[in-house]
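What follows is a single structure, written as structure tokens, with notes after it.
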Number of protein chains: 2
Amino acid sequence: MAVNDGLSRLVARARPRHRTTTEFVEATLREAILTGVIAPGTPLRQEELAETFGVSRMPVREALRQLEARALAEFHPHRGAVVAEISAADGADIGAIRMALEPMALRLSLPGLTAADLDQAEELIAEMDGEADPGRMGELNRRFHMTLYARAGRPRLLALTEQHLLAADRYLRFQFAALGYRPRSQDEHRVLLAACRAGDADTACRLVTEHVGQAAEQLTAFLEAREAG
Amino acid sequence: MAVNDGLSRLVARARPRHRTTTEFVEATLREAILTGVIAPGTPLRQEELAETFGVSRMPVREALRQLEARALAEFHPHRGAVVAEISAADGADIGAIRMALEPMALRLSLPGLTAADLDQAEELIAEMDGEADPGRMGELNRRFHMTLYARAGRPRLLALTEQHLLAADRYLRFQFAALGYRPRSQDEHRVLLAACRAGDADTACRLVTEHVGQAAEQLTAFLEAREAG
DNA sequence: TGCCAGGATATTGGATCCAATCTATCACCG
DNA sequence: CGGTGATAGATTGGATCCAATATCCTGGCA
């Protein structure tokens with residue numbers, strides 16, 4: 001029943017949106033892992049999951065395979081899957097990938113950004129200001145970044161970027177769960193947006209790189225301390 | 001029998017290396033798609049694949065799900081999977097991702113590169129010089145790049161990089177199949193290696209960016225012309 | 001008392017079977 | 001003669017069943 005706890009709530013609502021059961025199971029499990037509903041290292045027992053989803057083991061197995069390919073679950077032959085662990089090394093890895101992808105996405109997107117896009121980004125900053133719920137905060141932050149990248153016209157690059165934004169978010173939630181959540185200043189986001197409004201690609205790219213880099217550094221510092229202690 | 005043709009040769013040799021059937025099917029299919037043994041757009045019929053692999057449909061299904069997550073196959077619910085199509089848009093996407101990832105990988109790896117690494121890269125260039133087989137050429141090129149990135153100490157970044165190098169290679173093979181293969185000069189690789197030997201990170205990163213960018217540009221030019229005509 | 005062997009149990013991996021859905025064909029009607 | 005609807009065949013999606021493997025516990029032996 002360890003997994004069941006928070007999961008069954010997610011299961012209840014989202015069913016009809018998906019065309020196949022596998023799709024449904026995969027999407028729900030992915031969200032559960034990313035939002036921390038299922039903790040890192042938790043064994044993902046097929047029978048147990050099948051029961052909470054109200055399906056057979058087969059769609060569960062297919063979903064687990066997809067999660068493995070996305071590095072959200074680890075497979076051990078004949079021993080089953082576990083939720084991907086959280087480690088300082090992997091956190092640094094995700095940070096490095098973000099530092100590579102996001103400036104590229106921004107540079108491609110910048111010329112195509114509309115006034116409406118920039119206004120929406122502004123609104124998202126306003127919403128983030130003083131947001132008390134860390135989960136909501138993560139979502140707003142992600143949407144802010146993705147709004148700036150949206151006009152890159154590179155679906156695959158954007159999907160990869162969002163995937164790693166989500167992975168980073170998972171790490172942040174984990175940190176908040178351990179250290180408590182304290183809302184951060186939105187100054188960095190504001191100057192980034194200003195550079196985008198000015199159409200200054202070089203500055204904007206430098207700012208996201210720094211922004212992402214700093215976030216990754218803080219995170220790995222916490223994770224390394226935790227692994228040492 | 002469309003798929004069977006070249007596939008059965010791959011099937012014959014690699015079986016014992018893998019611990020589970022799914023793993024075996026996935027690896028073999030992946031190689032077959034990446035090397036062009038199975039052409040883009042080919043329907044991947046589960047029953048047919050199961051028979052050529054000598055297994056049941058189940059491991060085939062799990063393998064297909066993993067290929068979907070890697071963007072090597074496209075799923076259409078209740079209609080089956082097809083080998084990922086080749087398009088100018090997707091080629092540009094892969095190019096952009098490489099242009100983001102590879103400079104980052106190189107920058108992280110450069111300080112850790114040993115003399116042995118650099119010598120191996122040199123040897124790979126020598127092997128590439130005048131290599132007549134496009135398949136072998138692709139492998140050497142990939143190994144050259146990965147050798148330079150190997151000391152980045154970021155397994156996830158490296159895996160992602162190699163994945164997209166492989167995807168780019170698939171596109172190149174496709175181009176060669178249409179236009180014929182003509183060995184390219186290794187000058188760009190040589191100056192890149194020289195910058196690495198000199199420990200000049202900025203120059204080396206600029207050079208890979210340009211190198212990858214030019215390759216991507218040539219490729220998309222060909223693909224766009226093909227789609228137009 | 002600690003360690004190794006062997007068997008019981010739990011769990012995954014793989015095969016088979018049935019149901020749901022899509023596609024193509026053909027008849028019928030406007 | 002063209003278009004639309006029904007129906008048959010093919011193919012995938014999902015459930016159940018069996019086999020293979022790993023883990024854990026227990027008992028015997030040094």
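By convention in this document, chain letters (A, B, ...) are assigned in the order of the sequence lines, proteins followed by strands, and residues within each chain are numbered from 1.
- The separation between B/Glu68 atom CD and D/dT12 atom P is 14 Å, rounded to whole Å.
- For B/Glu227, the CD atom counts as densely surrounded, since its 6.0 Å shell holds more than 12 non-hydrogen atoms of other residues, nucleotides or ligands.
- Within 6.0 Å of CD on A/Glu51 lie no more than 12 heavy atoms contributed by other residues, nucleotides or ligands.
- The side chain of A/Gln46 contributes no N or O atom lying less than 4.0 Å from OP1 or OP2 of C/dA10.
- The distance between atom CD of B/Glu48 and atom C1' of D/dA10, rounded to the nearest whole Å, is 13 Å.
- Residue A/Arg19 contributes atom CZ, which lies 18 Å from atom P of C/dA20 at whole-angstrom precision.
- One can place CG of A/Leu44 at 13 Å from P of C/dT11, the figure rounded to the nearest angstrom.
- Between A/Gly54 and A/Arg79, the residue anchored nearer the 5' end of DNA chain D, judged by the nucleotide with its closest heavy atom, is A/Gly54.
- Proximity of A/Arg45 to the phosphate of C/dT12: a side-chain N or O atom is located under 4.0 Å from OP1 or OP2.
- Checked against D/dT12, C/dA15, D/dT21, the side chain of A/His78 finds its nearest nucleotide in D/dT21.
- Nearest to the side chain of B/Pro59, among C/dG13, C/dG14, D/dG13, sits C/dG14.
- Put simply, A/Thr22 has no side-chain N or O that comes within less than 4.0 Å of OP1 or OP2 on D/dG13.
- Using cut-offs of 30° and 60° on the angle between ring planes, the pair A/His189 and A/His211 is perpendicular.
- Distances were taken from every side-chain heavy atom of A/Glu47 (C-beta onward) to each of D/dT12, D/dA15, C/dT12; the shortest belongs to C/dT12.
- Residue A/Thr20 places no side-chain N or O under 4.0 Å from the OP1 or OP2 atom of D/dG13.
- With hydrogens and angles ignored, no donor-acceptor pair closer than 3.5 Å exists between the side chain of A/Arg61 and the base of D/dG14.
- Counting to the nearest Å, the P atom of C/dG13 and the CZ atom of B/Arg57 are 19 Å from each other.
- Whole-Å rounding puts the B/Met58 CE to C/dT12 C1' distance at 12 Å.
- Residues B/Glu48 and B/Pro43 are not in side-chain contact: their nearest non-hydrogen atoms beyond the backbone lie 4.5 Å or more apart.
- If you measure from atom NE2 of A/His76 to atom C1' of C/dG13, you get 16 Å, rounded to the nearest angstrom.
- Checking C/dT16, D/dG13, D/dC17 against the side-chain heavy atoms of B/Ser56 singles out C/dT16 as nearest.
- In summary, of the residues considered (A/Glu23, A/Glu62, A/Glu26), a salt bridge (Lys or Arg N to Asp or Glu O under 4.0 Å) with B/Arg65 occurs for A/Glu62 alone.
- Here the C1' atom of nucleotide C/dT11 and the CG atom of A/Leu64 are 13 Å apart, to the nearest Å.
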